[in-house]
Amino acid sequence: MAEDWEDWENEDFTPQLPSVPAQPAAADDDIAAAKFAGEDEEEVEKLYNVPKPQQAKPGKKKTYEDKDNAVRIEDEALDDPIAEKLRRQRLVEEADLQSAKELFGSAGGPSTSALDSFEPKSLKDHEELARMIAQQYVLPHSKNQHYKTLLKALLKQTCVPVGLQEVKDLETCIAGIKSDKLKEDKAAKESKKGM
């Protein structure tokens, strides 16, 4: 035994394994397996309270109605367990996305999903879209020192596809806004002098 530790560097060394008792015959294994079949599963279920998998009833459908979007969702179990797992995961992800949109959407303004799904068709719809965009994206930055730069850049970027006549109409509109602001300023100065 004392010399065994020196043999570890020897490349020709083969370890001596203890002898393994002979395997019982295959017939004996089948008999033992049949005799004790299911005992292990029963013990595990008793110890850990493992519920037995339930088979989905093919005729049963659950129907949910989303109050905000008026969408009807039918929840029907699928036969394939993998497809069922993927379907459930998709439903959970959709619910999480909806919750995140509700949570992080602005409290006072329209939600992003309302802007994304809004398609203006009439003059009134386009005015509503402009109001929603202004409330959601532009007006929150009105106290910033670079707000004027934002408005100039926004106007410049949005005027790229329009023609000369539309730009003249915008100029007239801005001139009207300017005259209204001048009137307000003049009225405010007169009210200060009168006090």
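Computed from heavy atoms alone, side chains included, the values below leave out hydrogens, waters and symmetry copies.
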Problem set entry | Test: Lys193 and Glu190 ion pair at under 4.0 Å | no

Problem set entry | Gln135 side chain vs Met132 backbone, donor-acceptor pair below 3.5 Å | no

Problem set entry | Note: Lys124-Glu128 ion pair, threshold 4.0 Å (strictly below) | no

Problem set entry | Ser142 side-chain N/O to Val138 backbone N/O, donor-acceptor pair under 3.5 Å | no

Exercise. Does the side chain of Glu127 reach to within under 4.5 Å of the side chain of Arg131, using non-hydrogen atoms?
Worked result: no

Problem set entry | Shortest non-hydrogen contact between Glu166 and Gly163, atoms and distance | OE1-N, 3.0 Å

For this session: Measure the shortest side-chain to side-chain distance between Leu150 and Asn144 over non-hydrogen atoms and say whether it is less than 4.5 angstrom.
Result: no

Problem set entry | Check: Leu139 and Tyr147 side chains under 4.5 Å, non-hydrogen atoms | yes

Exercise. Atom SG in Cys159, atom CG in Leu154: separation rounded to 0.5 Å?
Worked result: 9.0 Å

Exercise. Which heavy atom of Pro140 sits nearest a heavy atom of Ala134, and at what distance?
Worked result: CD-O, 3.9 Å

Problem set entry | Donor + acceptor pair across side chains of Glu94, Gln98 (<3.5 Å) | no

Exercise. Can you find a pair of side-chain heavy atoms, one from Lys181 and one from Glu184, that are under 4.5 Å apart?
Worked result: yes

For this session: Tell me, yes or no, whether the heavy-atom count around Ile82 atom CD1, taken from other residues, nucleotides or ligands under 6.0 Å, exceeds 12.
Result: no

